[in-house]
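Take a look at the structure below.
The sequence lines fix the lettering, A, B, ..., with proteins before strands; numbering per chain opens at 1.
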2 protein chains.
Amino acid sequence: MATFIGNIEAKADVKGRIFIPASYRKQLPEGERERLVMRMDPNNACLILYPEGVWNRKVADFKEKLDEWNSDDQMLLMQFVSDAEWLDIDSQGRVLISKRYLQQIGVSLDVLFVGMLDRIALWDKAAYEHSRLSSNDFAKRLAEKMMKKSVD
Amino acid sequence: MATFIGNIEAKADVKGRIFIPASYRKQLPEGERERLVMRMDPNNACLILYPEGVWNRKVADFKEKLDEWNSDDQMLLMQFVSDAEWLDIDSQGRVLISKRYLQQIGVSLDVLFVGMLDRIALWDKAAYEHSRLSSNDFAKRLAEKMMKKSVD
DNA sequence: ATTTAATTCCCCACATTCCCCCACAAAAAA
DNA sequence: TTTTTTGTGGGGGAATGTGGGGAATTAAAT
């Protein structure tokens, strides 16, 4: 399975098109290079891009854990799915992201792709810099999580 | 598993390519000599090079300990992973390191590979000399660390 | 209903960067 | 010395990234 890492700058053009970095595109499984699933991140001002396979597995996981006849469960499912949409990759390797989503993450042309192992986050560049933890905080909190094991 | 020790001088060429010392390359497991993972060290002005296997184990550890549905956890994961990238080793045994990373560690052509057991640190030569502790400090602090052992 | 505007989509064109390949210097081994 | 391995350098073609024109479709306004 692909492992997306790193961060790559890109520019959205005036039409809202954004080039998927080739290094990421190449990691997509054969046959999943035509489109992605995009979803608003409810917690952060970013969009999450899922390869088809990863998205499908996530959906399967939902079906398994949520009860089809429980209305609360169905509400959760609906809300999760409603903030997502398919993104076709055009012949140049770009995706077109509709204005309202770009506005939601506050994009001003400069964007940042950030690898998150099985998926990719898409940030406004400035917003990402702003959301990053200072390296001290980062090291401390990561160390806590990882239970005092070294993490370098 | 490989045990990288020692330090080896090398030169970055104008294109930002750096030769991985053969003595290190030979220690890479069979089948892991095509590429490495490089990561910015957030605390020191150096880059860390991981053999694939070592990196994969680290990633597995993250996945196990961080909750996919917890946004704090995901932010930590993203921040860790975003400062890393794959480095392909070319047919001459070199890796190409992008300008921005070289700048971050202040490389001026002369670099130093420093073995760190399961991984390798890459320093600007001058910066490394400058960051080293004096041998007095070193001995003292090492002694402190090694005495209050071993609890966890 | 008709016009106008905005968005989406499908082309084509071009600049720049990257990466593959070859050649060779320098050092080590035979 | 000759041969092999290790380390350095550069040219050029392909791939990547950027931009724009203008249909087709949808939405808004008159």
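Using five terminal pairs a side, the axes of the helix from C:dA1-D:dT30 to C:dA30-D:dT1 at its two ends make an angle of 20°, given in steps of 10 degrees.
Remark: A:D83 pairs with no residue by the side chain to side chain donor-acceptor pair (under 3.5 Å) rule, at least two apart or across chains. Contacts of B:D67 classified as side chain to side chain donor-acceptor pair (under 3.5 Å), with partners at least two apart in sequence or in another chain: none. Judged as a ring pair (Phe, Tyr, Trp, His ring centres under 6.0 Å), and not counting sequence neighbours, B:F138 has no contacts. Applying the salt bridge (charged side-chain N to carboxylate O under 4.0 Å, His left out) criterion to B:D90, with sequence neighbours excluded, gives B:R94. Residues satisfying the side chain to side chain donor-acceptor pair (under 3.5 Å) test with B:D72, not counting sequence neighbours, are none. Every residue meeting the side chain to side chain donor-acceptor pair (under 3.5 Å) condition with A:K11, not counting sequence neighbours, appears here in chain and number order: A:D110.
Rounded to whole Å, atom C1' of D:dT18 lies 15 Å from atom CD1 of A:I20. Between the P atom of C:dT8 and the OH atom of A:Y101 lies a distance of 12 Å, rounded to the nearest Å. When the C1' atom of D:dG17 is taken as reference, atom CG of A:D110 falls 14 Å away, rounded to whole Å. Here D:dT16 presents its P atom at 15 Å from OH of A:Y24, a figure rounded to the nearest Å. The CZ-P distance, from A:F113 to D:dT16, rounds to 14 Å in whole Å. Counting to the nearest Å, the P atom of D:dT6 and the CZ atom of B:F19 are 7 Å from each other. Distance, A:K11 NZ to D:dG20 P: 13 Å, rounded to whole Å. Atoms CD1 (B:I89) and P (D:dT8) sit 16 Å apart, rounded to a whole Å.
Donor-acceptor pairing under 3.5 Å, judged by distance alone, is present between the side chain of A:K15 and the base of D:dG21. With hydrogens and angles left out, the side chain of A:R17 and the base of D:dG17 share no donor-acceptor pair within 3.5 Å.
Residue A:L66 shares its hydrophobic cluster (ILVMFWY side chains chained together at separations under 4.5 Å) with A:V37, A:I48, A:Y50, A:V54, A:W55, A:V59, A:F62, A:L77, A:F80, A:V81, A:W86, A:L112, A:V114, A:M116, A:W123, A:Y128, B:W69, B:M75, B:M78.
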Could you write out each protein N or O paired with an N or O of nucleotides 12-18 of chain C at a distance under 3.5 Å?
residue: C:dC12; atom: N4; partner: A:Q92; partner atom: OE1; Å: 3.2
residue: C:dC12; atom: N4; partner: A:Q92; partner atom: NE2; Å: 3.0

Which donor-acceptor pairs under 3.5 Å do side chains of residues 97-105 of chain B form with protein atoms, sequence neighbours excluded?
residue: B:R100; atom: NH1; partner: A:N7; partner atom: OD1; Å: 3.1
residue: B:R100; atom: NH2; partner: A:N7; partner atom: O; Å: 2.6

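Among residues at least two apart or in separate chains, ring pair (Phe, Tyr, Trp, His ring centres under 6.0 Å) pairs with a member in residues 16-40 of chain B are B:F4-B:Y24.
The pair A:K58-B:E68 meets the salt-bridge criterion, since a charged nitrogen lies less than 4.0 angstrom from a carboxylate oxygen. A salt bridge between A:R57 and A:D61 is absent, with no side-chain N of the basic residue lying under 4.0 Å from a carboxylate O of the acidic one.
The stretch residues 25-41 of chain A comes close to DNA chain D through A:K26, each having a heavy atom under 4.0 Å from the strand.
Sequence order on DNA chain C of the closest nucleotides to B:D88 and A:D88 puts A:D88 first from the 5' end.
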